[in-house]
Every structure is written in C-alpha cells, then in structure tokens.
2 protein chains.
Amino acid sequence: MSEAVLSQAPASAEPKTLVEGAYQRLRRDIIEGVHPPGEKLRVEHLKDQYDVGAGTLREALLLLVTDALVVAQGQRGFRVAPISIEDFEDITRTRILLETEALRQSIALGGEDWEASVVAAFHRLSRAEQKLSDHDSEAADEWEKRNRNFHDALIAASPSRWIRHFQNILYQQSERYRRISLFRQPVARDVHAEHQALFDSTLARDAERATAILTEHILRTLDSVRHMPTDFLDGTSRR
Amino acid sequence: MSEAVLSQAPASAEPKTLVEGAYQRLRRDIIEGVHPPGEKLRVEHLKDQYDVGAGTLREALLLLVTDALVVAQGQRGFRVAPISIEDFEDITRTRILLETEALRQSIALGGEDWEASVVAAFHRLSRAEQKLSDHDSEAADEWEKRNRNFHDALIAASPSRWIRHFQNILYQQSERYRRISLFRQPVARDVHAEHQALFDSTLARDAERATAILTEHILRTLDSVRHMPTDFLDGTSRR
DNA sequence: GTGTGAATAAATCTCGAGAAAAAATATTGA
DNA sequence: TCAATATTTTTTCTCGAGATTTATTCACAC
C-alpha cells in the first residue's frame, strides 16, 4: 500500500500492489473530476473499469477515505466527497494556518540543501509557467506537478511530519476544486509574480513577509473558485 | 462504515457492519496498548481473535490507516504505528496550533447553546475527577471519555470541520501516548485546577487567556510522557 | 565459521461466489 | 388517485480458497 502513514498522500511511486494501483488511478480521476462530486461509486461497475476484483476495489475506496476524497456510509456504499463553497473556504483557511506555520519553521530551520531544493523547484516551476500561455492541457498538467513541488519544497524543512501530512491532504483537496474551476477560467491571474515574491522573501529569510505573501497567494485561489458558476458546486446531482 | 469523512474518528455509534465493528475494537485495543507500537498485525491471526473473515479484517486495518494508528507497507502487511518522543512532541505542537485556533473561533462565534454544552461537559468532567482519587480503572475510563468530551465541547463552535477533523486524529494519537504512560504514572498533576481555569476564561470570552491556558495544559501532558521510561518508546520490539 | 543460494514455510494479496441489506418496482386496498 | 405493503431487482457486505510474494530454514561451498 503506502510506505508510511504520514507521507502517504502524494505517494506517486510505482504501485507495488493492485490495490495501490487502483487507488492511485481512482484518486487521479476524482481530483480531475472524471468522477464528479457526489457521484455514487458502485463497486460492481468500477471493478471492470479499473480491471480489479470487487474486494480489491473496495480496499482502494477505503484508502481514498483517508484522503477525504471518498465518503463511506455503512451498508450504503461509497460516494465521491461532495464539494461546497463553505468547504473550500474552510480548506483554504486551514491550509493557510498550517502552511504558514510550516513555512515559518522552514525559514527558521532550513539549511543549505533546503535552499538549494527551493531554488531548483522554483526554477522548474518558472520554466513551466513560460510554456503555459496557450492552453495546452499537458503543459497544464506539468505546471500542476511543479507548482505542488515548489510548495512542498518551501515547507520541506519543517520538522513537523504531522503538519506536512495534513497539508498534503488539504492541498489535494484544493487541487480538486481548482481543477474543476479551471475548466472555465484558465489561470487568469499573474501567478508567476506571486511565486517570484514568495521565492524572494523566503530565500531572504523574511518569515513575516513570506507568510503574508503565501496567505495572499492561497486566498487568491479561493477567489478564483468563488467566481465560478455555483451549479458546479452542489455535489447533490445524482441519478 | 462511517457516516461522514470529517467526523469519523470518534464515531462510536453502534457499528452497522462487521468491518466497522472490527475497526472500533481494533482501534480501542491499539490505543490501550493491547497491540503495542510496532507490532506486526497478521491478518490470519487477528481474524480469529476478532471473529471476522480475512478480507473483512483487512478492510478494518485499512480504515485504521486513516487514523494513522496502523501503517501499511505494500506486500509486507500491516503494523501498529510506532511511537517516539519526537513524534509526540510533534503531535503536541500541532495539536496546540489547531486546538488554540479552534478555541479562539469558538469563543468568538459560540452562542448560548454552545455555552450551555460547555458548562454541562465541565460539570460532568468535574464529577468524574472527584471519583478519581483511588486508582479505579473503570473510573479512569469514564474520566477519559468526559475529558475528551469537555475538550470537544470547547471547540465545538468552531466552524472549521477540517480543524476539528485533524484535532480528532491528534487527540486520539496523544491518548495512546497517555495511556501507555499512565501505567506507570497515574494522573499525577492537579488537572482539575487547569480545567477550572480553562473553563472560567473560556466562559469569560477571554480568548488570549484561554488559549494560553490550553497551551500550557497540553504541554503538561507532553512533560508527563517525557518522564516515562524510554524503553517504552521504541516501537522496534518485535519477535 | 561465515556467507551464498536453493528449498521450504509463512504471510500477503487477489478473486469470485453466496448471504444480507437497501433500493426500485409492482400490487393491493381504500 | 393515493398510500401502504409485497415482490423483485440491485448493490453491498462477507467469506474462504488459490496465486504471489516475502521470510525462514537448511545445505553446501569457501
């Protein structure tokens, strides 16, 4: 399954087991909206779609409960976790709380190797942002990866495995919201400038400024989702 | 299984399914130390012990991964999550971060019904603390429940489901540490005075004072675990 | 004695079928 | 026509057995 509990969410290493394979593919499909919020996840249907047995698929769904991407109701099966504006506001606020604390710790404790990895991650992200102008879907996927990588690098020097664990879950959640809203509104704001400022203040070890920028940065994502059509947001559409 | 993702950890409602039943019993046994940290959890052995099939027990173990009480390593089975001083320090700090924020929100937003439930929970806890003097194991269990109830009531008015979700996980984790250390050191410090101060400042809506007391309160638990024998803390003992 | 490698043992992972429960449909009676 | 009940269908839950993988034991050479 996963190597360790607290670093499991982003475990994209090659799957050692059928359960883990199905788990990873299902997670991707839920985040990308292939399975929309609120959708009933019937084991009998999905097992063919993902080429595994019924029991195996059930285990994969159980693992997704850990990420809060799937909800399970006893004796009534599984369902894609619903979404709502309120939930995303909550995710955003909690993410700010955790991520700014982690960044503060990183800035205080990070060594040279941490600095180097931040520089590298920022460089890779910048490159991806250059190629992002035309709406190329695979370039967007690459940007998504590198964006996450950059954010991970920033807080990597935090000694708190728990904060990073929770942050992983919340980042994943907000990625789902962003993906769904991205269909309509493709990377409007000048995100590169924000990343640049975040990068500069972090390397300057200016914790106050860096956390303030990070807060603004995360809040802006909330705004972009706020402006999207509301009919997207009720996970109540089911047959 | 569980009714909703974000309020699943303390779901002590009667189990609707065999998986959930096994999950609850296993969770209790892990927290109480029946299965010590680091222990290998062999499905073939446990399925008889908990009277369920192998697949069912696997699913219960998978659910425990959500609580970070069990770690799963692909193709190499399950294991009780190890413990360490560093981990408990991390748990404590993160818990303070989340719980003080939630308390601050509760104090700011809580209405009359919230106040009433806090008063009630404090009263019940106080009664349990009176009967706690002689080391009675069932009285201790009752105190444990009411203590958790009181802490839950304090932050119940926080609108953040995510903070409460994470706080649940962390409380559960620290309960395991406390239980293990309690074998040696039975409720030494005067915990009632702390609860009283926490209660008074909360009802007075003094957020600064209340969060300061809560921080001290949680930190003291860390100290009591710090002073316990270290040979208890390496989850490496296995056959 | 130590280390390498094959053979054995044990555990995990995977699957499909049967039992139990929930949901959907049809039937009956006012 | 509507409501309540009975039947059918669908879905979930549960189990044990077979296939893989990992761990252990034992023999053998160095």
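The figures here come from the full heavy-atom set of this structure, side chains too, leaving out hydrogens, waters and symmetry mates. Since we're looking at a predicted model, the values are computed, not measured. Naming: A, B, ... by sequence-line order, numbering from 1 per chain.
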Could you tell me how far apart [X] ([atom1]) and [N] ([atom2]) are, to the nearest whole angstrom?
X     : N      : atom1 : atom2 : answer
A:R42 : C:dA24 : CZ    : C1'   : 12 Å
B:Q73 : D:dA23 : CD    : P     : 9 Å
B:R79 : C:dT12 : CZ    : P     : 10 Å
B:E39 : C:dA11 : CD    : P     : 13 Å
B:E59 : D:dT14 : CD    : P     : 8 Å
B:L62 : D:dC13 : CG    : P     : 14 Å
B:L63 : D:dT14 : CG    : P     : 11 Å
B:Y23 : D:dT14 : OH    : P     : 15 Å

Has [X] got a side-chain N or O lying under 4.0 Å from the OP1 or OP2 atom of [N]?
X     : N      : value
A:R58 : D:dC13 : yes
B:T17 : D:dT14 : yes
A:R76 : C:dA22 : no
B:K40 : C:dT12 : yes
B:H45 : C:dA11 : yes

Chi angles and distances behind the salt bridge (charged side-chain N to carboxylate O under 4.0 Å, His left out) call for A:E144, A:R148: CA-CA 6 Å; A:E144 183 66 58; A:R148 167 149 206 178; over 6 Å; no
Selection from D:dT14, C:dA21, C:dA11 that lies nearest to any side-chain heavy atom of B:V19: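 Shortest atom-to-atom distance from the side chain points to D:dT14.
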Check: B:K145 and B:D141 side chains under 4.5 Å, non-hydrogen atoms: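 They are not in side-chain contact.
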Which residues share a ring pair (Phe, Tyr, Trp, His ring centres under 6.0 Å) with A:F122, sequence neighbours left out: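 Here the qualifying residues are A:F150, A:F199.
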Greater than 12 external heavy atoms within 6.0 Å of A:R127's CZ: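 Counting neighbours around CZ of A:R127, 12 or fewer heavy atoms of other residues, nucleotides or ligands fall under 6.0 Å, so no.
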Restricting both atoms to N or O, compile the protein contacts to nucleotides 15-18 of chain C shorter than 3.5 Å, with distance only.
unit_1, atom_1, unit_2, atom_2, d
C:dC15, OP2, A:G53, N, 2.8
C:dC15, OP2, A:T56, OG1, 2.9

Nearest non-hydrogen partners of A:S158 and A:S106, listed with the distance: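 Looking at all heavy atoms of both residues, the closest pair is N-OG, 3.2 Å.
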Rounded distance (nearest 0.5 Å) linking atom CG of A:D152 with atom CD of A:E99: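 These two atoms lie 8.5 Å from each other.
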Parallel, tilted or perpendicular: ring planes of B:F166 versus B:W162, cut at 30 and 60 degrees: tilted
Sugar-phosphate, base or nothing in reach of A:L41, heavy atoms under 4.0 Å: sugar-phosphate
